[in-house]
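Presented below is the structure to which this report refers.
Only heavy atoms go into these numbers, but all of them, side chains included; no hydrogens, no water, no symmetry mates. Note on naming: letters A, B, ... go to the chains in the order of the sequence lines (proteins, then strands), and numbering restarts at 1 for each one.
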Amino acid sequence: MPKTLTIATPKSFSFISTISSHGWSDLAPFRLDREQRRVNYVFRGPDGSALPAVISENGGKLNVVVDAVTFDKELLVLDVRHMFRLDEDLTGLYEVIADDPRLAWVVERRAGRLLRSRSVFEDLVKTICTTNCSWALTKIMVSNLVSKLGTSSLGGESAFPTAEAMASVDVNFYRAGIRAGYRSQYFVELAAAVAQGTLEPEDWLNSSLATAELKKQMKMVKGVGDYAAENLLKLVGRYEGLALDSWLRSQFYRYHNNGKKCSDERIAGHYEKYGDWRGLVIWCDMTEKWIV
DNA sequence: GCGTCCAGGTCTACC
DNA sequence: GGTAGACCTGGACGC
């Protein structure tokens, strides 16, 4: 019998804006149901069990329907608060864009919260899967990771694999089974480091390091370059980096440069006035059509 | 059906 | 520190 958790949300929160904020809700173990305005996700209990859930909004609260007999309620609430960033204060963002008519919609639609996975490790692996490939291939790689290495529930739905599970297979498995290509060796090394405790991505959430230093630390992970590190920084709540990739650049050319290519320096200059929020401002600026 | 290009980049060797 | 070339894959496109 499914059990329902109800979680209060802040006034500045928008469920639909958050689940539409970027492509994460299209990556397993997320599954977005746009028509029903809800999102499925498979959580993982402390014992490693898969906990399928359906998350929706009702009257300013999140309803989380969990398809499991027993689970740690407090842990699951913490996961939901983390993923939907219920405790993040975006007042600073709204202040820096207050005089910008082009970005007025951000405040109106309570946008700016970027959906994230239940762990930084999961976001790190997914980010590496976004590099140097089409979005279609990213979805294939992440889907393979979840279905082939994740723990399954009784209903057959899988959670994102643990570092231990990812460390239990070799480079050939990543190449043939995950279709990860040259990223395969990166995943072997990353999973081993996290499983052995020599790398702890969860620490990045509350790191006391300056953002530039934290970015350097992130880039020590094979497969993480400037784009990936800055994307991860956004997911841990630091927005100084623009995380420019080919898609973001093309959108900037379209909206701000008459469709013509320009330098990254020109893009950076455009958003400099937004200070430490510039990485979130450029993302909002390019994704208005996603937020309905 | 086949070949080419490129996509939500990064690493390494070399200068 | 800057740059060229290699790297996997799969979908889109032209022929």
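Counting only heavy atoms from C-beta on, Asn132(A) has its side chain closest to dC8(C) among dG8(B), dC8(C), dT9(C). Counting only heavy atoms from C-beta on, Asn231(A) has its side chain closest to dG8(B) among dG8(B), dC11(B), dC7(C). Closest to the Tyr182(A) side chain, of the nucleotides dG9(B), dA7(B), dG10(C), is dG9(B). Nearest nucleotide to the side chain of Tyr227(A), out of dG10(C), dG9(B), dC11(B): dG9(B). When distances are taken from the side chain of Arg183(A) to each of dG11(C), dC8(C), dG8(B), the shortest belongs to dC8(C).
If Tyr186(A) and Ser134(A) are placed on DNA chain B by their nearest nucleotide, the residue sitting closer to the 5' end is Ser134(A).
Phe13(A) and Phe84(A) have perpendicular rings, their planes meeting at more than 60° on a 0 to 90° scale where under 30° would count as parallel. Under the 30°/60° scheme for interplanar angles, the aromatic rings of Tyr239(A) and Trp277(A) are found to lie parallel. Ring orientation note: the planes of His270(A) and Phe252(A) are nearly perpendicular, at an angle over 60° on the 30°/60° scale.
Residue contacts for Leu137(A): at a heavy-atom cut-off of 4.0 Å it reaches a base atom on one of the strands shown. The residue Thr131(A) sits close only to the backbone: its heavy atoms come under 4.0 Å of sugar-phosphate atoms, none of a base. Ala228(A) comes within 4.0 angstrom of sugar-phosphate atoms only, judged by non-hydrogen atoms across all strands, and of no base.
Between dT10(B) and dG11(C), the distance separating the two P atoms is 23 Å to the nearest Å. Between dG8(B) and dA6(C), the distance separating the two P atoms is 23 Å to the nearest Å. dC11(B) and dG10(C): their C1' atoms are spaced 22 Å apart (whole Å). Here, dC5(B) and dG5(C) have their P atoms 15 Å apart, quoted to the whole Å.
Atom P of nucleotide dG9(B) and atom CE of Met218(A) are separated by 18 Å, given to the nearest angstrom. Atoms CE (Met220(A)) and C1' (dT10(B)) sit 16 Å apart, rounded to a whole Å. For the pair Asp226(A) CG and dG9(B) P, the interatomic distance rounds to 13 Å; values are reported in whole Å. Distance, Glu189(A) CD to dC11(B) C1': 12 Å, rounded to whole Å. Distance NZ (Lys215(A)) to C1' (dT10(B)): 13 Å, rounded to an integer number of Å. If you measure from atom CH2 of Trp283(A) to atom P of dG8(B), you get 10 Å, rounded to the nearest angstrom. Counting to the nearest Å, the C1' atom of dT10(B) and the CD atom of Gln185(A) are 15 Å from each other. Rounding to whole angstrom units, CE of residue Met141(A) and P of dT9(C) are separated by 10 Å.
Pairing of dA6(C), defined by two Watson-Crick or G-U wobble distances under 3.5 Å, is identified with dT10(B). Nucleotide dC15(B) forms a pair with dG1(C), judged by Watson-Crick or G-U wobble geometry with both contacts under 3.5 Å.
Side-chain N/O atoms of Ser246(A) include one lying less than 4.0 angstrom from OP1 or OP2 on dG9(B). Arg249(A) has no side-chain polar atom (N or O) that falls below the 4.0 Å cut-off from OP1 or OP2 of dG8(B). Look at Lys222(A) and you'll find a side-chain N or O under 4.0 angstrom from OP1 or OP2 of dT12(B).
In the displayed structure, Arg109(A) atom CZ is contacted under 6.0 Å by more than 12 heavy atoms of other residues, nucleotides or ligands.
One side chain, Asp100(A) or Tyr274(A), offers a donor N or O that lies under 3.5 Å from an acceptor on the other. When only modelled atom types and interatomic distance are considered, Glu189(A) and Gln185(A) share a side-chain donor-acceptor pair under 3.5 Å. The closest side-chain donor-acceptor pair between Asp285(A) and His256(A) falls under 3.5 angstrom.
Aromatic stacking of Trp247(A) on dA7(B): not satisfied for centres closer than 5.5 Å together with planes under 30 degrees.
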